[in-house]
Every structure is written in C-alpha cells, then in structure tokens.
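Below is one structure, written out as structure tokens, with a few remarks after it.
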Amino acid sequence: MEYGHFENGGREFVVTCRKTPRHWHNYMYNDEYVAFFSQVGFGEGFAQDGLGRRIPLVKDRMLYVVNRDTGVWSSANGLPMRDAFDAYECRHGLGYTVLTAVKDGVRTELTFFVPEEGRRELWRVRAVNEGAKPARLSLIPFVDTDADDSYRPQAYNTDYGNFDAAHGAVWGHFFQAYESDDPAPMYAYMLSDAEPASFCARRNAFIGVYGNKLCPEALEEKRGLRGEEALGEKLCLALDIHADLQPGEEKAFTVVIGAERTLSDLTAVRAMAAGSEGLLSAIREKRAEEISGLSITTPDARLNDAFNGFYQYATCMGSRWARVRHNGYRDMTSDTECLSSFNAELARARFRRILSYQYENGYAPRTFIGGRICDNNFSDCAVWIPFALDAILRETGDLSFLNEVVPFNSGAMGTVYEHARRSVEFLSGFTGPDGLVRIWGGDWNDCMNRAGLGGKGESVWLSIAWIRACKMLIRIARLSGHDADADALEPVLKQMNRAVDARGWDGEWYLTAIDDEGRDIGSRENEEGKIFLIPQLWAVLADLDDKARVKTAMESANRLLEAPLGTRVSWPAYTHIDNRIGSVTQKSAGVHENGGIYLHTMAWRLAVDAMLGDAARVERDIRQIVPWDQTYAPTEGEPYMLFNSYFGDQTGYRYATPGQSWRTASTQWFVKAMTLYVFGLQPDIDGLHIHPCLPASWNACAATKTLRGCEYRVTYTRTGTFSVTADGERIPNGGALPLKPGRVVNVEVTV
C-alpha cells in the first residue's frame with residue numbers, strides 16, 4: 001500500500017493515509033530544543049543545556065476541535081483513528097510538519113515547527129468554516145508534560161500550575177537542575193497570540209482519572225475547559241480559544257509551548273508569537289540552505305528525492321543531536337564527518353563543539369547527560385576524531401583550522417591538531433596483552449559491553465580503526481609541518497599492523513574481539529557469533545598491509561553473511577546468553593547487532609564495495625538498503641528515512657520490518673558512501689577528484705556539488721571507458737578538477 005509521496009524535490013513528504021504501519025516521524029531542532037512529530041502529531045519535545053540536563057517539556061500533544069453548540073469534538077491531529085475524516089494529510093518538511101484535516105465542514109491546518117532559537121516549539125493554527133452554517137468552535141491545544149516529572153501512582157508531587165492573564169498563558173511551576181546542578185524554579189507554559197477563553201493546568205481535570213487523550217473527561221463530560229489550576233497534582237497545559245466562524249470565515253493564531261525562568265519572560269515570547277510566520281519562513285530557508293551544497297540525479301526518482309531532502313537533513317540533525325535519547329560522542333563525531341560531505345562549514349562548527357567534551361589525555365567519553373560527562377567504559381569514541389578532522393580538511397582545504405584553539409572538558413586549551421594527536425596517542429597506549437587496543441566496556445558494538453571490563457579484553461575492530469585514524473593523522477601532521485609527530489607514529493603504526501596480523505586473523509577472516517580470558521569472539525571456533533562484518537569492512541577502509549588477507553576476509557563475509565534481505569552484521573546469531581561478551585547475546589536472533597541486517601554496517605559495505613570497484617554489489621547494496629525497493633526482500637518503512645536495521649530471517653512476523661529511524665548513523669553514512677564512493681566526489685587539499693563506481697544498471701546520472709565556493713555540475717555516462725573533462729578540458733587520471741570560486745564548472749565523466 002502507498003501511504004504517501006515526495007513533493008518539492010524531496011523537501012517534503014506527504015503522508016496521505018493517517019494509519020501508517022507505525023508512527024512516521026519528523027524531527028525539528030535548534031541548539032536548545034529538539035522535538036519529533038508523527039503524521040498524527042504524536043511525539044515529544046525537550047530542552048537541553050550544554051551538559052545534557054533536560055526539561056522533558058512535551059510528552060504528547062493534541063489540538064481538539066469542539067463544536068460548542070453540540071459538544072461533538074474531533075481533532076486537528078486526525079484522531080481518534082476510529083473517526084472518519086472528509087480529508088486528511090500530513091506534510092512533513094525540512095524543519096516543519098503540517099497536518100490538514102477536514103471534518104464536519106471545518107478545515108484545520110496545524111503547522112508545527114521549532115524556531116531558530118529558544119526552548120520552545122510553535123504551532124500555527126488555521127481553522128476555516130467550509131460548511132453552509134455558522135460554526136461556534138473551541139480550538140483547544142493540549143500538551144501532556146513531564147516537566148514536573150513522570151506520573152507515578154502513590155507518589156508525591158510538589159508542583160503547581162495556574163493561568164497568567166497578563167500574558168494569556170497557562171503555566172506549570174516546577175524545579176529543575178538546568179544550566180546548574182542546583183534545582184531552580186522554572187515555568188513550563190503554553191500561550192497564544194489569541195485571547196483564550198479558559199485554561200486547564202491539571203492533568204486529571206482534563207484527561208480525567210480514568211480517561212486518556214482520545215477520551216478526555218474535559219470534552220466527554222464537561223464540554224470544555226473550566227479554568228482548573230493544579231496544586232500537588234500532575235500538570236498539563238491546555239487553552240480554550242474560541243473561533244466563531246460564519247461560512248467561509250477563518251481564524252488563525254499561534255501557540256507557543258516552552259520553558260522560561262520567570263513569567264515576565266513571557267512578554268517577549270508572546271510578541272514573538274505574533275511574528276510566527278516570519279519565524280517559520282526563516283527556519284525553512286535555513287534548513288534548505290544547509291543542504292544546498294549537494295544534489296544527485298539517478299534513474300531512481302525516490303532515491304533522488306530522499307537523498308536530496310530528508311537524508312541530508314537527518315545528517316544535519318544527527319551531527320547536532322546525535323541519537324537524541326543521549327548525546328553520543330561517537331555518534332556526533334561520525335555524523336559530523338558525514339555532514340562535511342555537503343556542508344563543511346557547519347561541520348567545522350559542530351566539530352569544535354564536539355572537541356570541547358574530550359579529555360586532556362585524548363580519551364573521549366561515550367556521552368554527556370544529566371549534567372555529567374559519562375564514560376560508560378567505552379573505548380572507541382576517541383578514534384572518530386581524526387576521521388572527522390580529515391574529512392573537514394579535505395573539504396575546506398584550510399589547514400589553518402588545525403591551529404584553532406578549542407577547550408578540553410577540563411577547561412584547558414589545545415589546538416584542533418592537538419586534540420586529534422592526543423586521541424590517537426591515547427589509544428596507542430591503551431593496549432592489552434596482545435598489543436591490540438583494549439575493548440573495555442565496548443567498541444562500536446555497544447552490546448559487547450562485558451568483554452573487557454577486566455582490562456585485558458581487546459578489540460580487533462578498534463585496532464583496525466585505529467590504524468585508519470593513525471594513517472590520517474600522519475598525513476595531516478606532514479601536511480601541517482608536524483613531521484616529528486609523523487615520524488614518531490610510523491613505527492607505532494607498523495607495530496599495530498603486526499599485532500592485528502598476529503592475533504586478529506582467524507584463518508579466513510578477522511576476529512572482532514578477544515575477551516578478558518583470552519577467548520576469541522568472532523572466530524570459526526565459536527558455535528555462535530563466528531564472524532562479524534565490520535572488521536572485514538574496516539580492513540578495506542583502513543587499507544591493511546596484507547592485501548591477500550583483506551581479500552579473503554571480504555570473500556568470507558560475502559559467503560557467510562549475505563542474505564536476501566542484506567548483509568548480516570554477524571553470524572550465526574546468539575541464542576544463549578553469554579555474560580563474557582555482553583548484552584548482544586540477550587537480543588533475539590536476527591535483531592539488530594545479533595545477526596540482524598544492520599544498515600549502518602550496510603552503508604559501510606556500500607562504501608567498501610565501491611572502493612573495490614564492484615558495480616554489481618554497489619547496486620545490490622543500494623537496493624537492499626532503501627525501503628521502497630523490493631528486488632531482494634519485501635522491506636518496508638518510512639520512504640523518506642533510513643533505519644538502524646531490518647529484522648532478520650529468524651524473527652518471524654518481524655522479518656524485514658525496520659528498526660528505529662532518525663536515531664541512527666545509517667542515513668548519514670549512506671549520504672557519505674553515495675557521495676564519496678559511488679559518485680566518487682572526493683575532495684582533497686588540492687581540489688576535487690572523481691573516482692566513481694556507479695551501479696551496474698545506471699547508464700546515466702548526475703550530481704552537483706559545491707566545494708570552496710565553486711559549483712561542480714557533473715554528468716556521468718556509461719561508455720565502458722573512464723575519462724573526466726572539465727569545461728571541455730581533459731583531466732589526467734587522478735588529477736584534481738580546476739577550482740574556480742564563484743563560478744560553475746561543467747564536468748563530464750564517462751565510466
């Protein structure tokens with residue numbers, strides 16, 4: 001079944017069926033606030049300070065539409081689902097979502113967005129009477145909030161809420177450790193630039209003791225709001241805004257939901273609400289501008305739309321908000337690396353912020369949340385720093401960035417170069433009995449969290465990744481005049497290569513790790529979890545010295561891990577718990593890292609297959625990753641987004657269904673893999689180089705990329721012979737394209 005379609009060149013996805021297989025979300029954010037909204041408005045919103053202290057402002061949201069004469073109500077959200085609507089549409093855009101509903105002669109348009117600044121989200125509401133009779137309506141925006149903590153039966157609640165007539169705001173007062181470890185008073189609020197007729201601040205008065213948002217007592221029994229305050233009870237935020245409309249008449253207003261220190265702060269907020277149209281235009285323009293540096297045209301129209309719109313938008317969001325539920329250091333750094341492929345300046349700004357959470361000794365934490373920097377026993381986070389730095393330098397060509405001074409999390413200062421150097425040096429000294437980098441409580445595989453807690457376990461994958469990082473740092477050091485550092489790292493690099501060869505090779509593929517007791521993980525000797533995909537892929541990405549082994553490792557991965565649905569992350573899946581390894585063995589077989597089709601690793605696979613020049617596998621990878629292509633398996637999911645995984649063939653009814661969307665690096669690395677390796681748009685200090693590996697069936701395609709102010713318009717034609725010309729002049733094989741800031745360069749590539 002088709003649930004919707006792309007419009008506006010992929011910048012919008014229109015959901016035409018309310019009842020999608022699951023909630024199809026859109027995310028919106030600024031530097032202080034992030035929220036998500038489904039096709040029926042479902043979702044959360046919260047504010048966050050610089051150390052991850054959070055205000056869980058929005059738990060859920062609705063806009064009720066009540067006929068005050070009859071008491072009959074519906075919603076602008078398209079709910080309850082049991083009700084028939086004359087028309088319904090959700091339009092997800094980059095930074096906004098519009099819900100349009102028509103029922104009983106009333107058309108509502110509800111637009112959600114998060115403005116460029118502030119701890120708030122905005123709703124623009126428009127109601128039109130399309131019927132033949134006058135309509136006396138109550139439009140009631142409602143927010144369920146956990147700003148006063150989540151509801152727990154038989155628990156204390158010391159918060160209170162009421163109405164502020166001066167600002168037309170319903171508010172809830174609570175105490176929160178925000179921007180400080182000491183709790184301080186704050187206000188969650190809802191206000192509008194329209195005058196409310198009434199309000200409700202008490203959840204039980206609105207929902208009712210036994211109700212819920214789809215049968216709220218305030219509408220089912222009371223037929224409206226009655227000015228209920230809250231004292232020692234669970235808060236909610238609701239306003240009653242009257243709209244008495246003649247046929248053809250409309251009413252429009254704006255609702256703001258946010259958190260402030262004092263009620264006096266609401267004066268400026270209410271003035272801002274009156275200018276919401278300009279704020280919405282500004283955020284739409286900003287989000288479009290952020291992804292304007294890259295676009296592709298392929299034979300697959302849906303791929304073009306998804307890539308040119310939401311895939312890049314999700315990369316921007318991930319670089320700032322990582323996985324949303326927590327501020328993953330590895331996640332932000334890797335997403336920033338991918339972001340640089342189309343917006344290097346934004347990536348540079350995000351990278352500065354990321355570095356400020358790193359320790360002085362070079363170690364990087366797993367996350368920061370709740371006012372604390374948390375290590376969580378992870379080893380790999382520091383290794384991602386050189387990857388992002390290398391990508392940014394190749395895009396910008398600006399080596400002076402290395403000399404910029406950025407703080408460590410202690411407040412001590414260091415140059416960008418120093419941050420990267422210390423990350424590599426820390427891991428080179430954080431080795432176990434075999435000279436490999438210690439796994440401690442996990443590497444990229446978060447769920448291998450017990451393999452090295454004793455301090456002896458080692459990660460073969462992380463050691464391979466370190467080799468890649470070290471090579472990048474050596475290159476950066478030589479480019480920037482730090483030759484002594486490069487000279488010192490060369491023998492360390494050789495030693496790590498020897499350690500991987502000596503202890504990491506299992507005969508036909510690379511191990512993934514070694515536990516504290518010296519037992520191999522990802523070995524032919526194991527009954528379960530014999531082989532893991534990522535060490536084999538990263539052997540290619542790191543360009544390990546023993547090319548014969550690398551070739552054999554990829555052949556083993558192809559032979560043992562391929563399935564119709566995609567390439568498994570590991571095989572065979574664990575079916576018994578093993579506390580020497582970790583929680584990966586607690587997951588059901590075929591789920592996520594335990595033998596599932598993990599799309600993050602599939603995106604790495606796409607890059608590797610393109611690097612190896614395998615056009616047939618590149619095509620297969622793309623078709624297996626995107627949700628709308630059914631060539632190899634009946635995949636499903638939101639067409640405008642990628643997922644962390646598909647559920648594998650052991651999962652019964654869940655087979656081929658998607659895991660979570662948005663909160664994953666699959667989309668970000670797919671963007672990078674497509675840009676740098678499939679289309680082959682590879683920047684370097686001297687300019688843009690082109691080394692493509694297009695899917696076998698693509699006879700023609702195109703890409704546009706902006707690099708350092710020069711716009712390259714590249715067309716690709718399959719002829720059987722590789723050549724590159726720029727503005728009619730032949731470019732030598734391996735040469736850089738001419739760089740002409742402020743101008744367009746037309747490039748023709750034959751493959």
So, does N129 use its side chain to make a donor-acceptor pair with the main chain of L245 at under 3.5 Å?
yes

Kindly say whether the aromatic ring centers of F206 and F142 come within a distance under 6.0 Å.
yes

Do the charged groups of K213 and D144 touch, with an N to O distance under 4.0 Å?
no

Counting only N and O atoms by type, is there a donor-acceptor contact under 3.5 Å from the side chain of R61 to the main-chain atoms of G41?
yes

Salt bridge or not between R270 and E195? Use side-chain N to carboxylate O under 4.0 Å.
yes

Taking Q660 for the side chain and R663 for the main chain, is one N or O donor matched with an acceptor at less than 3.5 Å?
yes

Checking side-chain contact (heavy atoms from CB on, under 4.5 Å) for the pair R261/E179: CA distance, chi angles, key distance, verdict?
CA-CA 11 Å; R261 295 287 187 185; E179 298 175 334; 3.1 Å; yes

Is the backbone N or O of Y64 less than 3.5 Å from a side-chain atom of S75, with the two atoms forming a donor-acceptor pair by type?
no

Testing the 3.5 Å rule here: is there a donor-acceptor pair between the side chains of R284 and Y96?
yes

Is the F310 ring parallel, tilted or perpendicular to the W662 ring (thresholds 30°, 60°)?
perpendicular

Single hit among K222, R202, R203 for salt bridge (Lys or Arg N to Asp or Glu O under 4.0 Å) with E228
K222

May I ask you to decide whether R223 forms a salt bridge with D69, counting only side-chain N to carboxylate O separations under 4.0 Å?
no

Donor-acceptor side-chain pairing of T336 and R350 below 3.5 angstrom:
no

Verify whether one side chain among D335 and Q668 offers a donor that lies under 3.5 Å from an acceptor in the other.
yes

Thinking salt bridges, do R330 and D446 make one under a 4.0 Å N-O criterion?
yes

Answer yes or no: are there more than 12 heavy-atom neighbours, outside E116 itself, under 6.0 Å from its atom CD?
yes

Check this for me, if you would: do E260 and R119 make a salt bridge, where the nitrogen-to-carboxylate-oxygen distance has to be below 4.0 angstrom?
yes

Here's a test for you: under ring-ring contact (aromatic ring centres under 6.0 Å, His included), which of Y187, Y189, F163 qualifies with W171?
Y187

Over 60° means perpendicular and under 30° means parallel, so tell me whether F670 and Y311 are parallel, tilted or perpendicular.
perpendicular

Under the criterion side chain to side chain contact (heavy atoms under 4.5 Å, CB included), which of I291, T315, V671 is the partner of L339?
T315

Is it true that E32 and R120 have a side-chain N and a carboxylate O under 4.0 angstrom from each other?
no

Is the side chain of T111 donor-acceptor paired with the backbone N or O of V98 at a distance under 3.5 Å, no angle test?
no

Any Lys/Arg nitrogen of E289 or K286 sitting under 4.0 Å from an Asp/Glu carboxylate oxygen of the other?
no

For a 4.5 angstrom cut-off between non-hydrogen side-chain atoms, does L57 reach F46?
no

Are any of the side-chain nitrogens in D181 or R372 under 4.0 Å away from the carboxylate oxygens of its partner?
yes

Please confirm whether Y3 and W24 have ring centers closer than 6.0 angstrom.
yes

Do other residues, nucleotides or ligands put more than 12 heavy atoms under 6.0 Å from the CD atom of E7?
yes

Will you find, in the side chains of Y359 and D375, an N or O donor that is under 3.5 Å from an N or O acceptor?
yes

Give every residue pair that meets the side-chain hydrogen bond (donor to acceptor under 3.5 Å, both in side chains) criterion with at least one member in residues 33-47, sequence neighbours excluded.
T20-Q39, H23-S38, Y33-E121, E44-R325

Please report whether the ring centroid of F175 lies less than 6.0 Å from that of H173.
yes

May I ask you to check whether F13 and H92 place their ring centers less than 6.0 Å from one another?
no

Can you tell me how the ring of F36 sits relative to the ring of H25, calling it parallel under 30°, perpendicular over 60° and tilted otherwise?
perpendicular

As a test of understanding, state which of V65, I241, L219 forms a side chain to side chain contact (heavy atoms under 4.5 Å, CB included) with I140.
L219

